[in-house]
**Student:** 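Sharing a structure below in C-alpha cells format, with a few things to ask.
Counting starts at 1 for both ligands and their atoms, following the listed order. No hydrogens, no waters, no symmetry mates; every other heavy atom, side chains included, goes into these values. What you see is a predicted model, and the numbers here were worked out from it, not measured in a lab.
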Amino acid sequence: MHAGQEPDPLTGAVVPPIYQVSTYKQDGVGGLRGGYEYSRSANPTRTALEECLAAIEGGTRAMAFASGLAAEDCLLRTVLGTGDHVVIPNDAYGGTYRLFSKVYERWGVQWTAVDFGDLDAVRAAVQPGRTRALWVETPSNPLLGVSDIAGLAGIARETGALLVVDNTFATPYLQQPLALGADVVVHSTTKYIGGHSDVVGGALVVADGTLGERLAFHQNSMGAVAGPFDAWLTLRGIKTLAVRMDRHCQNAAAVAQMLAEHSKVSEVLYPGLAGHQGHEIAAKQMRGFGGMVSFRHAGGEAAAVELCGRTELFTLGESLGGVESLIEHPGRMTHMSAAGSPLEVPADLVRLSVGIEDRADLLADLARALG
Ligand SMILES: Cc1ncc(COP(=O)(O)O)c(C=O)c1O
C-alpha cells in the first residue's frame, strides 16, 4: 500500500499526484530535478507505480507499460534475437500465443508448446544453446493449470534459459515467483492489480539489476510506457489488492464447489479443488487459489455459449480480475486466436472471473442460468 508513495514533499498529499506532464524544466543544460527530463523516460506517477510493483513482487526493479502485451513485447525484444527458441505453455492467454506465433515467428524466433505441469516435457523441449526462455502462466488462462515454479527455475538454471512467469492470475499477494527462482515476472495489470476494469496496463518485474537495466533501456527506446493517469489508477488498485484477493478467493471457492456438484457441469477447473491436477503444488506455492474458475458444460458447445448469455450478475465480457464478476466463452472470445493450434481450448469451456459481490447472489445467478 505504501511502497513508492511517500507523502508529497511539497503539500503532504498522501496519494501521489497525477503528473500529467510531458517535459520538465532543467536548471541549466543537464540540470535535472530528481532525474526527470521527459515523461517517456520517466514520470513521477509512473515511478511511484514501478517502485510499488517492484516491492510487492519482491523484485529490485519494475517497469510499467501501456498494456500487458506491450510489457511482453519489451521483454521478448530485450532477450531474444533471430534464431532463438522459447518454450511456451500449451495453455496460455490467446494474445500471448498470437504474439509468438503471428509476430515473433516472422522475425525468426521459434517456439515449442508443452504442458508446463510436466517438468520432464519442459526439459525435453529445451534446445541447448538456442532456448533463451521458458515462459509459463501459473495458474494458466483459461484452463487453470498449475506449474511448479521452483522446479522450472531449476531447469532454467541448468539450461541457461530465463524463467518468465506470467503472474496475472495469481497476483503477488497470492504468489511471488521471484522468491521461487523466476527471473522475470510479467503482469497484465489490467486485471487484478488494477482491479476495477477501468485501465489497461502491463508490467515487468525482475530481481537482477543488470537485466533490469537492459529492460529499462528497451522500455525507453521502444516507448510503450504507462501514462500518468493509468499509472495512478493502477496504484489505487494496488492499495486494495490484498482485501480484494481474499474475497475473490472465498467467492471462487464457493462457486467451484457449487459447480462441482451440478449435474450440468462435466468438469470444474479450479486449483483449490482437492482433485485438481496441480492442487498440491498450488497449495505449496500460493497463499490462496485465486478468483478464476473454468468449467466444461455437460451440454457441449451450444449449451456453453448459451449459458454465457443467460447470467445476470456475471456480465458477459472479455478480461478478468475486476471487482465485478464476468463470464465468457474462451473458444469464441479470448482464445479464438488459438483455434487449430496446440493451445486450442475445449469448445464446451466457460470461464468465470468471480468478483467480490455477495456470494449468495453469485451462486443464485449461476444456479438460475444453469437451470
Ligand atoms: C494471463 C494474461 N497475460 C497477459 C495478458 C495481456 O494483457 P493486456 O490485455 O493487458 O495486454 C492477458 C490479457 O488478458 C492475460 O490474461
**Student:** Given a cutoff of under 4.5 Å between side-chain heavy atoms of I, L, V, M, F, W and Y, with clusters grown through shared members, what are the other residues clustered with Y270?
**Tutor:**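 In the cluster with Y270 are V255, M258, L259, V265, V268, L273, F289, V293, F295, L307, L313, F314, L316, I327, M333, V350, L352, V354, L362, L363, L366, L370.
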**Student:** Y104: what forms a ring-ring contact (aromatic ring centres under 6.0 Å, His included) with it, not counting sequence neighbours?
**Tutor:**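 Partners of Y104 by the ring-ring contact (aromatic ring centres under 6.0 Å, His included) criterion come out as none, since no residue qualifies.
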**Student:** Ligand 1: which residues have a non-hydrogen atom closer than 4.0 Å?
**Tutor:** S67, G68, L69, E72, Y93, E137, N141, D166, T168, S188, T190, K191, G201
**Student:** Surrounding CD of E6 (heavy atoms of other residues, nucleotides or ligands, distance under 6.0 Å), is the total greater than 12?
**Tutor:**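 No, not enclosed.
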**Student:** Does any donor atom in the side chain of T47 or Y36 lie under 3.5 Å from an acceptor atom in the other side chain?
**Tutor:** yes
**Student:** Who pairs with E213 by salt bridge (Lys or Arg N to Asp or Glu O under 4.0 Å), at least two apart in sequence or on another chain?
**Tutor:**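 Scan of E213 (salt bridge (Lys or Arg N to Asp or Glu O under 4.0 Å), adjacent residues dropped) gives R61.
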**Student:** We want to know whether S41 and N220 form a side-chain donor-acceptor pair, criterion being a heavy-atom distance below 3.5 angstrom.
**Tutor:**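 Yes, because at least one side-chain N or O of S41 sits under 3.5 Å from a partner of the opposite role on N220.
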